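In what follows, a structure is listed as structure tokens, so that the remarks can point back to it.
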Amino acid sequence: MKPTDPTLAARVPPGQTLTSKWPVLTYGMTPRFDPATWSFRCFGLVEAERSWTWPEFLALPTTVVTCDIHCVTRWSRLDNRFEGVPVREILQRVRVRPEAKFVLIHADPDYTTNLPLADLDGDDVLLAVKHDGRPLEPDHGGPCRLVVPKLYFWKSAKWVRGFEFLDVNPPGFWEQNGYHMHADPWAEERYADQETHAMQKMRAEAARKLRGA
Ligand SMILES: Nc1nc2c(c(=O)[nH]1)N[C@H]1C(S)=C(S)[C@@H](COP(=O)(O)O)O[C@H]1N2
Ligand SMILES: [Mo]
């Protein structure tokens with residue numbers, strides 16, 4: 001779908017097409033959530049390493065962010081209403097040390113993605129537990145996913161379990177597989193170099209899901 005309304009068109013980054021569906025893109029299987037063992041942990045270059053249990057996490061302040069999402073496989077979906085814990089509430093509590101410049105996001109099942117701390121530390125960045133008023137579906141990252149609206153959606157780790165604060169910038173899962181280290185959709189920071197096999201597989205799967213197969 002190409003938007004004809006110019007204000008909508010201005011919200012769609014170059015090379016992207018709009019969809020009202022929400023494709024599921026996971027490398028591997030949707031993990032099972034166990035509220036008794038789930039935790040969210042912050043470690044590395046912080047003054048106060050800590051972790052939250054599921055009930056503790058649910059007691060944190062929440063916010064609502066309405067944002068557009070842009071997948072590197074070329075679909076964009078506008079006006080997603082995410083609700084959850086602002087990442088800044090977490091950053092304040094662990095007191096990030098000044099040497100920390102990057103964050104490696106840890107997620108189930110063995111997924112990682114890397115971000116500059118400056119991109120994680122935004123007022124629209126949250127640990128979402130709801131989408132459009134309903135608990136986040138397991139396939140979309142439920143019970144909790146990171147949402148970083150200004151970057152391609154692979155940086156928004158589903159089933160997020162922790163932040164590791166670092167003074168270096170190690171590539172995460174997709175970044176090791178050829179995706180861009182930064183991922184600004186407006187600059188089309190898609191790939192580092194050439195498509196790897198894993199990238200081709202993900203792109204083919206996304207195209208199939210958009211066709212409704
Ligand atoms: N843990 C985890 N998070 C992940 C992924 C994944 O495979 N595992 N895929 C990423 C990719 S490539 C995209 S485009 C989005 C897709 O989110 P969705 O399935 O809710 O559309 O999640 C990102 N987060
Ligand atoms: Mo993606």
Side-chain angles (χ1 to χ4, degrees), residues 1-5 8-33 64-84 105 107-115 119 124-161 172-180 182-192 195-213:
M1 196 180 5
K2 282 267 179 283
T4 44
D5 175 343
L8 277 190
R11 288 166 64 185
V12 185
Q16 297 292 112
T17 350
L18 280 186
T19 178
S20 53
K21 292 186 204 166
W22 188 6
V24 171
L25 285 186
T26 304
Y27 201 81
M29 302 251 290
T30 297
R32 260 234 341 254
F33 167 52
V64 172
V65 170
T66 300
C67 65
D68 303 337
I69 58 190
H70 310 293
C71 176
V72 71
T73 62
R74 299 187 180 273
W75 55 267
S76 291
R77 189 177 191 278
L78 304 184
D79 295 319
N80 299 273
R81 191 173 178 281
F82 287 105
E83 192 175 331
I105 312 298
D108 289 328
D110 268 334
Y111 186 85
T112 50
T113 188
N114 55 298
L115 294 174
D119 285 327
D124 60 348
V125 181
L126 78 165
L127 291 159
V129 296
K130 286 186 181 176
H131 177 267
D132 289 349
R134 283 193 299 276
L136 203 54
E137 281 177 29
D139 283 348
H140 285 301
C144 181
R145 85 178 294 160
L146 180 65
V147 176
V148 188
K150 63 182 160 305
L151 300 177
Y152 280 126
F153 210 36
W154 86 79
K155 298 287 184 181
S156 292
K158 302 193 278 191
W159 314 296
V160 64
R161 296 292 300 276
F173 171 74
W174 278 115
E175 294 82 6
Q176 287 170 40
N177 277 287
Y179 281 26
H180 199 279
H182 183 234
D184 176 357
W186 296 96
E188 287 205 69
E189 292 174 343
R190 296 175 188 276
Y191 311 124
E195 284 201 3
T196 63
H197 178 72
M199 288 155 72
Q200 287 168 9
K201 191 176 142 199
M202 189 65 136
R203 194 161 50 71
E205 202 175 307
R208 186 171 55 70
K209 281 180 181 156
L210 280 177
R211 284 197 311 269

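Scope of the values below: all heavy atoms of this structure, side chains included, with no hydrogens, waters or symmetry mates. None of the values given here were measured: they were computed from a predicted structure.
- The minimum heavy-atom distance linking Pro23 with Leu210 is given by the pair CG-CD2, 3.6 Å.
- In this structure, Lys201 does not pair ionically with Glu205, as no charged nitrogen and carboxylate oxygen lie closer than 4.0 Å.
- Of all the heavy atoms in Pro13 and Pro185, the pair that sits closest is CB-O, 3.6 Å.
- For Arg77 (side chain) and Lys21 (main-chain N/O), a donor-acceptor pair under 3.5 Å exists by modelled atom type.
- Looking at heavy atoms from C-beta onward, Cys67 lies in side-chain contact with Phe82 at the 4.5 angstrom threshold.
- The nearest pair of heavy atoms linking Thr113 to Glu175 is OG1-OE2, 2.7 Å.
- One distance of note links CZ of Arg190 with OG1 of Thr73; it measures 9.0 Å at 0.5 Å rounding.
- Partners of Ser156 by side chain to side chain donor-acceptor pair (under 3.5 Å), not counting sequence neighbours: none found.
- Note that the CH2 atom of Trp159 and the CZ atom of Arg32 stand 14.5 Å from one another [nearest 0.5 Å].
- Using a 30° and 60° split on the angle between ring planes, Phe173 and Tyr27 fall in the tilted class, from 30° to 60°.
- You'll find the side chain of Val125 stays beyond 4.5 Å of the side chain of Lys155, heavy atoms only.
- Leu78 approaches Leu18 most closely through the heavy-atom pair CG-CD2, 3.6 Å.
- Within the model, atoms CH2 of Trp174 and CE of Met202 stand 4.5 Å from one another, a figure rounded to the nearest 0.5 Å.
- Under a 4.0 Å N-O distance rule, the pair Asp79/Arg11 qualifies as a salt bridge.
- For the pair Lys158 and Glu137, the salt-bridge criterion is not met [side-chain N within less than 4.0 Å of a carboxylate O].
- Atom CG of Asp5 has more than 12 heavy atoms from other residues, nucleotides or ligands within 6.0 Å.
- From Asp68, atom CG reaches atom NZ of Lys150 across 13.5 Å, with rounding to the nearest 0.5 Å.
- Side chains of Asn177 and Trp154 form no contact here, defined as non-hydrogen atoms less than 4.5 Å apart.
- Contact check for Ile69 versus Trp75: side-chain heavy atoms found under the 4.5 Å cut-off.
- Here the CZ atom belonging to Arg161 is positioned 14.5 Å from the CG atom belonging to Leu146, to the nearest 0.5 angstrom.
- Using a 4.5 Å cut-off on side-chain heavy atoms (C-beta onward), Glu83 and Val129 make no contact.
- With a 4.5 Å cut-off on side-chain heavy atoms, Ile105 and Val148 do not count as touching.
- Looking at Arg81, its side chain never comes within 3.5 Å of a backbone N or O of Val64 through a donor-acceptor pair.
- Val147 is not listed as a side-chain neighbour of Val65, based on a closest heavy-atom distance of 4.5 Å or more.
- No donor-acceptor distance shorter than 3.5 angstrom exists from the side chain of Lys209 to the backbone of Leu25, with no hydrogens or angles considered.
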Intermediate values then yes/no, side chain to side chain contact (heavy atoms under 4.5 Å, CB included), Trp22 and His131: CA-CA 11 Å; Trp22 188 6; His131 177 267; 3.4 Å; yes

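- For the 3.5 Å distance criterion, the side chains of Gln16 and His70 fail to qualify, holding no donor opposite an acceptor.
- From Tyr152, atom OH reaches atom OG of Ser76 across 8.0 Å, with rounding to the nearest 0.5 Å.
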